[in-house]
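Computed from heavy atoms alone, side chains included, the values below leave out hydrogens, waters and symmetry copies. Labels below follow one simple rule: chain letters A, B, ... track the order of the sequence lines, proteins then strands, and each chain is numbered from 1. The shown structure was predicted, so the numbers you read here are calculated from the model rather than taken from an experiment.
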Amino acid sequence: MSNAAHKLTSRVLIRVAVQGVNPGRRQALSKMLVDAGYLVSEAADAADVVLVDGDCPPTEHKPTVVLGAGDRDAMGLLPANADASQIDAALRAVAAGLIVRSPVACEAGFSQLRESDAQSLLTQRELEVLSVLIEGLTNKAIARRLNISLHTVKFHIESVFRKLGVRTRAEAVAKALDLRHLETIKL
Amino acid sequence: MSEQADILTQLSTALTRRVASANSRIVTIRLSADRHLTGMLWQPEIVVTSEQSISRGDEFEVITAGGTTTTAKIIGRDPATNIAALRFVQPASPAKPVASATQAGALVLAVGANALGYATARLGIVNAVEPEWYSSHGGRIDQRIVLDIDLARNEEGGPVFDAAGGLLGMSTFGPRRQVLVIPTATIERVVPSLLKDGRIARGWLGVALRPVAVPDALGDMAGQPSGLMVMSLSDGGPAASAGIFAGDILLSVDGASTRRMRNLTARLGADSIGRKVDLRFIRSGEVMSRLATITERPTS
């Protein structure tokens, strides 16, 4: 009988050690993990998985998920702005012995200046709608927030979906976060 | 039959000789207890490597073939061309590298360093050669050379040779672990400035920008279908001092349209520092302009 035939037990408790230079972010991450049902431990050697926020010297030879840093040897690599569900999925995957990479992490490397295709660029208004959509608001709430009609919101969202080549809100959010990272340039 | 076997033996012998002689061209740069990077000996006492992969820090342990360990100091880094230069006291100096031109299909040998300072080898062909290009950090790279070689992380930064033993440049990782070459010409251009100033001076406006479509209603007035929206400004930076706000859509800098990024980065070379430039932008439905004085990009 293959291992896969074993029954999945309900969610296994995972012990996580949170490391990072910024105490505020470290605290916020710890709280998020406790709320999500993880055991947060102080010391890395007692943990199943280490969650490292930003550039931080590696301590233990433990499965590690890194947020927004250059340690490309870590088992889990997520962008700094990864959301709670992505961090949750990555911790569980890495604890189960898998390697996790976000699309942005795969794009890392010495890269060419992006020349954007004008056809697929969003307008300022569409970016506004998208940034509210990322917060998880409904169309109605978006209309109220931006002080525009429901009809206009639907119109903008349709246009955003078309330009990004996506079909669902979740896809649009994921794509938008990647683009925000990839397209922002500093001059 | 036996003659064909001879050709292979000849090839193999030639390759092992090349790799053995490359031992004097490479060093192991230790990043941590169990991680290292390859460095290429560029000129007496100077090693170059891949800037994106060398950790922060001023001093690194380097190991040369034979196991001699010394300390190397960072002299300069240029993220825009992905070149970092280190200096160390070196007993023997290698001959000056001979630059070489290449084309798609040419055989190449990429050499890395193992943990003990000895050469490791990868053989492949040049996958593509394209003209000069600009990196996402705004650096000009003399040629785009893509290899069909698979490289280990710790082999990055080593020399890439052609069949005649000429140096194409330094290996580095592009997106999705594609292996690129930073051409010898680019290293020749950048290293002297790194040795002199520790950096490559570049012009700076102090803005984070993102491409956006210009709304149809403003298309005629703007004269272009897209621009760069100001996402954030550095306090006291040239753009902030000129009265640019977050949300403004930049249309041109010094007459160069923001539609083409490379035109823009080409305007922000070292010679642009101190120059007054006209910034044309859209704010609340109108096209406006302001004068900004370009300053030198601060080291991050």
Inset, instruction - Measure the NZ-CE distance between Lys186(A) and Met231(B) for me, rounded to the nearest 0.5 Å. - result: 11.5 Å

Legend entry - Arg267(B) atom CZ, neighbour heavy-atom count above 12 within 6.0 Å: yes

Inset, instruction - Quick one: pull up CH2 in Trp133(B) and OG in Ser111(A) and give me the separation to the nearest 0.5 Å. - result: 7.5 Å

Legend entry - Selection from Val212(B), Val253(B), Ile249(B) maximising heavy-atom pairs under 4.5 Å formed with chain A: Val212(B)

Inset, instruction - May I ask you to name which of Leu187(A), Thr184(A), Leu122(A), Leu121(A) has the most heavy-atom pairs under 4.5 Å with chain B? - result: Leu187(A)

Inset, instruction - Check each atom of Ile294(B) against the heavy atoms of chain A and say whether the ones under 4.5 Å are side chain, backbone, both or neither. - result: neither

Legend entry - Atom group of Ala33(B) that falls short of 4.5 Å from chain A, counting heavy atoms: neither

Legend entry - Asp35(A) atom CG, over 12 foreign heavy atoms within 6.0 Å: yes

Inset, instruction - Answer with side chain, backbone, both or neither: which region of Leu209(B) has an atom nearer than 4.5 Å to a non-hydrogen atom of chain A? - result: both

Legend entry - Shortest non-hydrogen separation from Thr81(B) to Phe110(A) and the atoms involved: C-CZ, 3.6 Å

Inset, instruction - Identify which part of Pro225(B) has an atom lying under 4.5 Å from any heavy atom of chain A, answering side chain, backbone, both or neither. - result: side chain

Inset, instruction - Please state whether the side chain, the backbone, both or neither of Thr265(B) comes within less than 4.5 Å of a heavy atom of chain A. - result: side chain

Legend entry - Nearest atoms (heavy-atom pairs only) where Gly109(A) meets Gln52(B): C-OE1, 3.3 Å

Inset, instruction - Just give me the residue among Ala208(B), Ser135(B), Ala239(B), Ser226(B) that pairs up with chain A most often, heavy atom to heavy atom, under 4.5 Å. - result: Ser135(B)

Inset, instruction - Count the heavy atoms belonging to other residues, nucleotides or ligands that lie under 6.0 Å from CD of Glu132(B), then report whether that count exceeds 12. - result: yes

Inset, instruction - Under 4.5 Å, heavy atom to heavy atom: which of residues 136-150 of chain B reach chain A? Give them by number, or say none. - result: Ser136(B), Ile141(B), Arg144(B)

Inset, instruction - Can you tell which part of Leu268(B) gets under 4.5 Å to a heavy atom of chain A, answering side chain, backbone, both or neither? - result: side chain

Legend entry - Residue, of Leu264(B), Val207(B), Ile182(B), that accumulates the most heavy atom pairs under 4.5 Å with chain A: Val207(B)

Legend entry - Residue-level interface, residues 123-151 of chain A with chain B, non-hydrogen cut-off under 4.5 Å: Thr123(A), Gln124(A), Leu127(A)

